[in-house]
Amino acid sequence: MIHSLFLINCSGDIFLEKHWKSVVSQSVCDYFFEAQEKAIDVENVPPVISTPHHYLISIYRDKIFFVSVIQTEVPPLFVIEFLHRVADTFQDYFGECSETAIKDNVVIVYELLEEMLDNGFPLATESNILKELIKPPTILRSVVNSITGSSNVGDTLPTGQLSNIPWRRAGVKYTNNEAYFDVIEEIDAIIDKSGSTVFAEIQGVIDSCIKLSGMPDLSLSFMNPRLLDDVSFHPCIRFKRWESERVLSFIPPDGNFRLISYRVSSQNLVAIPVYVKHMISFKENSSSGRFDVTIGPKQNMGKTVEGVVMTVHMPKAVLNMNLTATQGSYTFDPVIKVLTWDVGKITPQKLPNLKGIVNLQSGAPKPEENPSLNIQFKIQQLAISGLKVNRLDMYGEKYKPFKGVKYITKAGKFQVRT
Amino acid sequence: DIYLKQMLESSKDSAKLDAMKRIVGMIAKGKNASELFPAVVKNVASKNIEIKKLVYVYLMRYAEEQQDLALLSISTFQRALKDPNQLIRASALRVLSSIRVPIIVPIMMLAIKEASSDLSPYVRKNAAHAIQKLYSLDPEQKEMLIEVIEKLLKDKSTLVAGSVVMAFEEVCPDRIDLIHKNYRKLCNLLVDVEEWGQVVIIHMLTRYARTQFVSPWKDDEVVEEYSENNFYESDEEQKEKDQKVKNTYTMDPDHRLLLRNTKPLLQSRNAAVVMAVAQLYWHLAPKSEAGIVSKSLVRLLHSNREVQYIVLQNIATMSIQRKGMFEPYLKSFYVRSTDPTMIKTLKLEILTNLANEANISTLLREFQTYVRSQDKQFAAATIQAIGRCATNITEVTDTCLNGLVCLLSNRDEIVVAESVVVIKKLLQTQPAHHGEIIKHMAKLLDNITVPVARASILWLIGEYCERVPKIAPDVLRKTAKTFTNEDDLVKLQILNLGAKLYLTNSKQTKLLTQYVLNLGKYDQSYDIRDRTRFIRQLIVPNEKSGALSKYAKKIFLAQKPAPLLESPFKDRDHFQLGTLSHTLNSRATGYLELSDWPKVAPDPSVRNVDVAELAKEWTGILGKTKKEKPTEKFYSESEEDEDESSSTSASGRCLESNLHLPCLKNSIFRTGHYLKRIRKKFKKSQSYVAAPVSVPTKTHELLHRMSGKGLAAHYHFSRQPGIFGDRMVSVQLTVTNTTDQKIENIHIKEKKLPPGMRMHEFNPIECLEPAGSITVSMGIDFCDSAQMASFQLCTKDDYFNVNIQPPVGELLLPVTMSEKDFKKDGI
């Protein structure tokens, strides 16, 4: 399936290559560079490119292009999903998926890639299994290794690989047994000029951090499971139990993982926690315009809206902006024409406002369209859909674990048209 | 390099390791490290496992280039293949099969054969991978490899399934016959296979099903051609049709099995699995059922841009043929200004496909926002989309046309040009009232520079020159002046305009046309010169021009068919969805065609699995589980119930652990008699029914207190000899009242039992106090099948539907027998 992999940085250097079948020359990447040039923007590089003898399927993650070389028919999503899994694994092992991290750990990277694919077909992609095969680097271990000459490579077959619980390693032991669940909801929305909602939906995930000894069997139930319209599961979840009882029953992987992602049914109206008042205008036949934006909180269960950031892609004709913010700070990047306003927390008594003059290139025509405002925010201790965890039960182990649930609501792709 | 060589030859492992790490670093950067081959290969037998691994990495990279030297390492691997540690056996096989040296083909073949009957499923998985490697090295081994594939396809391990199907797809995808006997097993294993294997198996089974089952779709012709009227069919008509089909068509149970067992995978976290199931439903499910995939596909749109791109492409193809599937999710395809252009255009494509009379006004409002987008490429695409909506939905044609005419005064040239092109197409479909618009466009010609737009305007004026008799000659005059500086595309249209005017209004334009033709005669482009010559012969009669010139007017001013504004995704559906070929819209190497449904289904009995054969395999597995620890614990819901009991009785364990295999279980459902046979066998050998060695304490929920309005019921299998008759399985039912009121008259009603099944009810419970609970016995004769017994649990005022499904193990009678008898019977 996957023949070779090239990692390419933003300046077009191929800084890592790995081949699972016979060697494919680096020159195949020229087709990729060609497409990249044509696309102008990195976001627009087509993920699938056809060349005379190969197909290139690529992803762009953390300023790195992962370009895989394919020779025969394969579902493109299969490759894309795998490449993202590779990037996730790097992230997991090195704390970041960057060129430096990969270069610094090139041997581990190679060993990982070797275990993840055999002859181009995925072999072990579960982080629990990989960590048993190849230990992640730590400062302490690298010191110890260099003195004792011992290795990073496990010499036993991970038990998970053989069992039907491949996501969990055996013999897990903790002195403090803990299970944490973060219910994170994102609001995707498009708000039109007049402030009415064109489209809004809530997408959520439950990320878990489980540090429990042995083979715990957990079941997590909700007060209102009916809210979850469409759910995707980590493979550990017993599907039938969910179907019949709406209970999440599972033997968890060890460590951090995403338990479920869900979409809240579209019948429920989405409460939009902020509103934006805006006045953006460009004068005809003049090289300036006005910009005036205020952000305010709507009724949201008494929780504060914080971490508010607004980014605006201004029209090309904009030269610079002279603004004053009543709260937070703003920057305008005249090269990419992006205005960023870091607002922080909204206090309803004093609404944050950003106001001032926009300078346009002289002689340039008045921009056709006002820019859209992209808003980010966070609300702690609130799941906007109203989803609530009822209880967590543990079977199979005797100890009493410490349990915790945290709720958070964020803006997803939240856009206000002006 | 010399330095590295010295390090490799040093006696210290740490130095060697350091050297190997640097070498791997070189390989990673794509630098040539092949000169070190002799020094590296010596370390292949190193005791240090990390050095060894890195040497393996090196070998796989360079063995092909240094074949002779690579042979030195082979004996090490051959030895490792016999190692007691399965990890070492597996990795030896992996490396050995990755060394692309033709001379070792026989050794590889032998190793694969041996590994394919290894006791460790992990080694067998690696064997399946090795098959493909050997096949690509030496295709002549095909026949032998197919034998190994056949063997591994029978494997019951979920670990092996994905890999062997991958090998099958690569080596012998046409040998559908190998799948028959394994079809049901694969369907049943699917949920427990790892996600990558799931994708491969689902794609293979999609192809398989299209050769083995008859079409579940109503009218083949309509479906295959996806004719226009299908678009506008209301849902009700659709349903009616479906109904009709239901009367005549019954789905093969195996076809249903596949659909049923893949459905839960729509909930997978892996986008590739979700897409695979979606394409399976698209290609195999009755039309009324395919809709269930849309929700999951829309969910994937929340993922990263690459996943979005592929999913949107597939939705685009689907939405052309079955609008209804995605109509409820219309707004999920609304475009954000931050989306990358390629995502924007795909979303737009889908929105256009979904447009209908009901939603068009909302959509047009949305489109207005897009037209003003700063992303001009996208704005242009939106204009085309508006054009398509205008032709498809006649109600809004005028609105759209007016909107587009407004856009002609837009500041951006790309927008104007695109509008011109689209208006031109629209006018052609609507030749009623265009005088005004054409005049308006003629004025634009002075300012617009985009060639396509200029060409479009010229064509329009030429085509309808009789309706704008005053303007047309003037336009020709102006363009004749600029002819030499125009783009080829525009030049052709100037010639065209000239020709048409010459034919209709030769008085005013004769000279002008001849001037233009003269310019064209000496143009640099072949095309222009060629066209000029052609036109001159046709419109200016002379002796040579012959008969054709008489018809010049008919030729040039014939009524032209209006162009169809179609989706670029219209013809993509002949590729299987979710494939690379579909994404590229061209056949990729190794693409396997999806066959049309057979008119008559091939013999379905080929998929039946012989019971005797099964039994043989049981013993095989029994042997294995004894040798290696029973690591294969299945992680599906139904099996779990038995877990606790399985650890208790020794002889029980073997049998039960087999029953854990879901595939076997399913075969038992189909061959219920088999259990009877076992029973008879035991009776013959005069063993006697024993008191149960262990009784599982596990209870099963019959009725949850929430759904039972406070009445809860649990049951468990007491493993008592049936007190209601020897064919009855004893079930103990515990009823609990969790309300704060009495519950009266609890009894059973409305038994819905499969044929042959009988049930002995418990005596009605007259009254159950709050928080009280009571245990009663009942007997059910399940007829040795694992089918459900459904009935109603009633109280005085209420009734609840419940059912009991026995784990297969509970259907067996416990017997005691000596080890000798056990072996003799050879189950």
Side-chain angles (χ1 to χ4, degrees), chain A residues 14 16-17 22 26 43-44 46-48 50 55 59 71-78 80-81 84 106-107 110-111 114 118-119 121-122 149 151-153 155-157 161-166 190 198-199 203 230-234 238-241 263 313 315 365 368-369 372 374 413 415 417, chain B residues 13-14 21 24-25 28 30 49-50 53 57 64 86-87 94 100 122 129 132-133 166 192 196 199 264 267-272 275 295-296 299 302 305-307 309-310 331 334 336-338 340-342 369 372-374 411-412 578-581 583-584 588-591 631 633-635 637:
Chain A
I14 303 170
L16 187 110
E17 62 176 76
S22 27
Q26 281 197 356
E43 289 271 276
N44 272 317
V48 182
S50 174
Y55 306 98
I59 65 160
Q71 259 185 334
T72 52
E73 173 65 61
V74 60
L77 275 183
F78 185 101
I80 288 168
E81 189 79 13
H84 276 290
V106 72
V107 173
Y110 238 67
E111 284 168 348
E114 193 66 50
D118 180 20
N119 194 39
F121 190 77
S151 74
N152 273 332
V153 180
D155 54 357
T156 49
L157 180 67
Q161 180 74 286
L162 282 175
S163 76
N164 267 75
I165 316 172
I190 301 175
V198 177
F199 163 80
Q203 304 258 7
D230 181 38
V231 193
S232 78
F233 298 120
H234 188 278
R238 298 178 179 104
F239 180 70
K240 282 184 191 150
R241 190 84 193 278
R263 207 181 55 215
H313 292 259
E368 282 289 331
E369 189 200 29
S372 309
N374 299 296
K413 297 169 185 162
Q415 195 157 79
R417 293 175 178 167
Chain B
D13 272 0
S14 58
K21 282 185 174 171
V24 168
I49 194 146
E50 191 166 18
K53 276 208 150 185
V57 169
E64 206 171 6
Q86 49 180 344
L87 179 66
R94 257 176 84 187
R100 286 167 294 274
Y122 184 68
H129 288 184
Q132 305 161 56
K133 299 184 210 170
M166 189 64 229
D192 292 317
W196 312 108
V199 178
Q267 250 74 43
S268 171
R269 64 170 168 173
N270 187 319
M275 189 66 232
K295 197 192 273 180
S296 309
R299 182 187 71 227
H302 197 65
R305 81 176 172 109
E306 294 89 7
V307 171
Y309 175 72
I310 305 290
K331 289 192 171 173
Y334 277 12
R336 290 182 174 76
S337 62
T338 39
T341 310
M342 61 179 185
T369 320
R372 288 197 303 269
S373 165
Q374 292 173 37
R411 246 185 231 96
D412 192 274
T579 58
L580 182 61
S581 305
T583 291
L584 296 169
T589 332
Y591 173 75
T631 37
K633 200 160 112 195
F634 273 83
Y635 197 70
E637 197 57 21

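A, B, ... follow the sequence lines: proteins, then strands. Residue 1 opens every chain. As the structure is a prediction and not an experimental result, all values here were calculated from the model.
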- Let me know if B:Arg100 has heavy atoms under 4.5 Å from chain A in its side chain, its backbone, both or neither. side chain
- Looking at B:Asn270, B:Thr583, B:Val307, B:Val57, which makes the most heavy-atom pairs under 4.5 Å with chain A? B:Asn270
- Query: Quick check: does any side chain N or O of B:Tyr309 sit under 3.5 Å from a backbone N or O of A:Val48, one acting as donor and the other as acceptor?
  - Reply: no
- Looking only at A:Asn119, A:Leu16, A:Asn374, the option with the highest number of non-hydrogen pairs under 4.5 Å against chain B is A:Asn119
- When the 4.5 angstrom heavy-atom criterion is applied to B:Glu64 and chain A, the contacting part is side chain
- Message: Is the shortest side-chain heavy-atom distance between B:Glu306 and A:His84 below 4.5 Å?
- Response: yes
- Message: Between A:Gln26 and chain B, with a heavy-atom cut-off of 4.5 Å, which part of the residue counts as in contact: side chain, backbone, both or neither?
- Response: side chain
- Checking B:Met342 against chain A: side chain, backbone, both or neither under 4.5 Å from a heavy atom? both
- Item | B:Arg305 side, atom CZ; A:Ile80 side, atom CD1 - distance, nearest 0.5 Å | 9.0 Å
- Task: Please look at A:Phe78 and chain B and tell me whether the side chain, the backbone, both or neither of the residue comes under 4.5 angstrom of a heavy atom of that chain.
- Result: both
- Query: Any donor and acceptor pair, going by atom type alone, linking the side chain of A:Glu73 with main-chain N or O of B:Gly590 inside 3.5 Å?
  - Reply: no
- Query: Which heavy-atom pair separates B:Thr579 from A:Pro76 by the least distance, and what is that distance?
  - Reply: C-CD, 3.5 Å
- Query: Salt bridge or not for A:Asp230 and B:Arg299, using N-O below 4.0 Å?
  - Reply: yes
- Message: Between A:Gln415 and B:Ser337 (side chain of the first, backbone of the second, donor and acceptor by atom type, cut-off under 3.5 Å), is there such a pair?
- Response: yes
- Picking from A:Val107, A:Asp118, A:Ile14, which has the most non-hydrogen pairs under 4.5 angstrom with chain B? A:Asp118
- Heaviest contributor of heavy-atom pairs below 4.5 Å to chain B, chosen from A:Ser22, A:Ser372, A:Pro46, A:Ser50, is A:Ser22
- Separation between OH (A:Tyr110) and NZ (B:Lys53), nearest 0.5 Å, reads 14.5 Å
